[in-house]
Number of protein chains: 2
Amino acid sequence: MQLSEDTVNRLQTCQLFKKLDKKDVYKLLEQILFRKKSYNPEQYIVYSDDPCNDLIILISGSIRGEMNDFSGKKIKIEDIKSPSTLASAFIFGPENRFPVDIITNEKSEVIIIPRNSLIRMFSNNSQILKNFLDSISGRAQFLTKKIRFLTFKTIREKIAQYLIQLSIKQGSNRIILPYTQTKLADLFGVTRPSLARTFSEMEKEGIIKSDRNKIEIIKKNKLVYLLNE
Amino acid sequence: MQLSEDTVNRLQTCQLFKKLDKKDVYKLLEQILFRKKSYNPEQYIVYSDDPCNDLIILISGSIRGEMNDFSGKKIKIEDIKSPSTLASAFIFGPENRFPVDIITNEKSEVIIIPRNSLIRMFSNNSQILKNFLDSISGRAQFLTKKIRFLTFKTIREKIAQYLIQLSIKQGSNRIILPYTQTKLADLFGVTRPSLARTFSEMEKEGIIKSDRNKIEIIKKNKLVYLLNE
DNA sequence: GTTATATTGTAACATATGTTACACTTTTCT
DNA sequence: AGAAAAGTGTAACATATGTTACAATATAAC
């Protein structure tokens with residue numbers, strides 16, 4: 001496939017090509033086969049358990065990873081914006097399957113690099129191998145955090161950890177929740193009324209003050225305490 | 001450190017050195033620095049969140065990975081026997097931390113290879129790079145399975161999946177549970193009395209027949225149904 | 001074989017979450 | 001601006017699990 005300036009620019013911003021200059025990116029890409037694909041919003045890029053033989057690089061738009069739990073309810077694993085590599089940790093091995101459904105949130109474009117081409121790239125440039133290994137460890141850390149989150153027993157714990165995380169990220173005790181309650185409930189794997197109830201209880205106990213998607217943390221030490229009891 | 005015949009034999013049985021003959025293993029190991037360490041039973045090899053800069057290869061004995069949930073209860077993630085590599089997916093990246101406590105079940109020995117030595121090995125032999133990438137994808141699949149298991153809402157679902165898995169593994173509907181109820185409860189992240197109660201209920205409903213660690217699956221279709229409702 | 005320890009079975013009660021329903025408020029669309 | 005759709009708040013009731021306790025049984029140690 002024909003290499004466009006635009007594609008190379010986009011790929012170069014991707015962590016996989018970090019520390020490589022444009023000439024090197026060009027050279028690497030000329031030596032391999034890859035495809036480009038476009039998607040409309042709410043389209044499935046891959047289905048959970050499909051064979052995973054290619055590296056998928058999201059070069060524009062955004063996607064979300066979702067897992068169906070066994071009662072059929074969707075659990076959103078994460079939203080990912082471009083530029084990003086998808087499912088990088090899953091490509092190798094004899095039992096390589098996509099771990100989640102990947103669905104576009106908006107119009108999106110991906111570059112698909114077959115496994116063998118990827119291996120050839122590693123042989124030709126050790127920086128890209130290092131970048132790839134870095135990204136895999138990042139994903140492993142993410143999966144572990146997800147596991148740790150899922151070990152929370154109560155909705156209260158989940159909210160506590162989430163609010164603390166958001167306050168660090170937003171640099172304030174006044175937080176704007178980035179999702180509707182319904183979406184947040186999906187993320188937490190709980191029901192929306194139960195989530196609302198727990199927020200309400202925490203407000204009654206003076207831990208937070210809440211008004212729809214605006215939350216103020218009043219007793220931060222109590223939130224931290226909830227994480228360690 | 002001095003290379004012993006025994007060490008090389010042991011390492012060679014490890015998946016990381018698969019398809020390499022002994023001469024190649026010798027050559028690779030001669031070019032890097034590594035350490036050997038011994039542990040008694042119930043010793044901590046590493047603690048969760050410690051920096052993870054080395055590849056640890058278990059060459060004898062067995063270990064378990066454990067995660068503390070936020071009520072202080074231990075969740076056992078898995079038992080691992082030798083020969084195995086530990087935490088291979090976590091070594092790279094800027095935020096590389098061990099994801100779990102690693103504790104010996106019995107007398108054990110490990111080989112520790114620093115990250116830089118590992119990278120040198122990858123440059124010198126592409127088969128070992130391929131083996132390493134295979135093992136990382138295997139670990140990612142494992143972590144995803146763990147996440148999927150943790151999305152089970154009820155003890156009943158967890159038992160159903162576990163029994164089906166065991167019956168496949170043991171090739172029979174008459175199963176011997178490999179753990180005590182207490183250990184199994186730790187693995188499932190639930191309390192022992194609740195686990196026992198659910199087993200008892202499933203027996204009362206005629207789904208299984210149980211006598212301590214001996215379980216017979218009576219209505220397998222009902223078990224499968226529990227996984228899909 | 002006997003004793004000590006660990007494991008299992010079970011019950012009563014407490015707690016957290018799910019389910020269903022509906023009213024109210026906010027946002028989106030025309 | 002008005003209507004429709006989406007999001008939020010809350011209540012009553014049902015369900016699953018946790019907690020605590022203790023008796024019975026099995027296993028390990030001497």
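Below, read A as the first sequence line, B as the second, and so on, with proteins coming before strands; counting in each chain starts at 1. These numbers come from the heavy atoms of this one structure, side chains and all, not from hydrogens, waters or symmetry mates. All values reported here derive from a predicted model rather than from experimental measurement.
The aromatic rings of A:Phe149 and A:Phe188 sit tilted relative to each other, their planes meeting at an angle between 30° and 60°.
In this structure, B:Ser200 reaches the C:dT10 phosphate: one of its side-chain N or O atoms is under 4.0 Å from OP1 or OP2. A close approach under 4.0 Å does occur between a side-chain nitrogen or oxygen of A:Thr191 and OP1 or OP2 of C:dG18. A:Gln181 has no side-chain polar atom (N or O) that falls below the 4.0 Å cut-off from OP1 or OP2 of D:dA6.
Look at CD1 on B:Ile155: it is 16 Å from C1' on C:dG18, rounded to the nearest Å. As rounded to whole Å, 9 Å separates atom P of D:dG9 from atom CD of A:Glu203. Following rounding to the nearest Å, B:Phe199 (CZ) and C:dT7 (P) show an atom-to-atom distance of 16 Å. Per the geometry, OH belonging to B:Tyr179 stands 15 Å off P belonging to C:dT7, to the nearest Å. Between A:Arg197 atom CZ and C:dT15 atom P the separation is 15 Å, expressed in whole Å. Atom P of nucleotide D:dG9 and atom CG of A:Asn213 are separated by 10 Å, given to the nearest angstrom. Rounded to whole Å, atom P of D:dG9 lies 11 Å from atom NZ of A:Lys214. Atom NZ in A:Lys183 sits roughly 13 Å away from atom C1' in D:dG7 (whole-Å rounding).
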Exercise for the section: Could you please spell out the steps behind the side chain to side chain donor-acceptor pair (under 3.5 Å) verdict for A:Ser62 and A:Glu106? Expected result: CA-CA 6 Å; A:Ser62 72; A:Glu106 53 188 304; 2.8 Å; yes
Exercise for the section: Begin with the C-alpha distance, continue with both residues' side-chain angles, and end with the deciding distance and a verdict on side chain to side chain donor-acceptor pair (under 3.5 Å) for B:Tyr44 and B:Asp50. Expected result: CA-CA 12 Å; B:Tyr44 278 69; B:Asp50 281 355; over 6 Å; no
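B:Ser194 comes within 4.0 angstrom of a nucleotide base, judged by non-hydrogen atoms across all strands.
Distances were taken from every side-chain heavy atom of A:Thr154 (C-beta onward) to each of C:dA11, D:dT10, C:dA16; the shortest belongs to C:dA16.
Summarising the local packing, NZ of B:Lys220 is surrounded by more than 12 heavy atoms from other residues, nucleotides or ligands at distances under 6.0 Å. No more than 12 heavy atoms of other residues, nucleotides or ligands shown are found within 6.0 angstrom of NZ on A:Lys183.
With values rounded to the nearest 0.5 angstrom, B:Lys81 atom NZ is found 14.0 Å from B:Ser60 atom OG.
Positionally, the nearest nucleotide of DNA chain C for B:Thr182 lies more toward the 5' end than for the other of B:Thr182 and A:Glu201.
Inter-residue side-chain proximity for B:Ser210 and B:Ile215 is flagged as met; some heavy-atom pair is nearer than 4.5 Å.
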Problem - Reading 5' to 3' through nucleotides 22-30 of chain D, protein heavy-atom contacts under 4.0 Å coded B for base, S for sugar-phosphate only, - for none - result: ---BS----
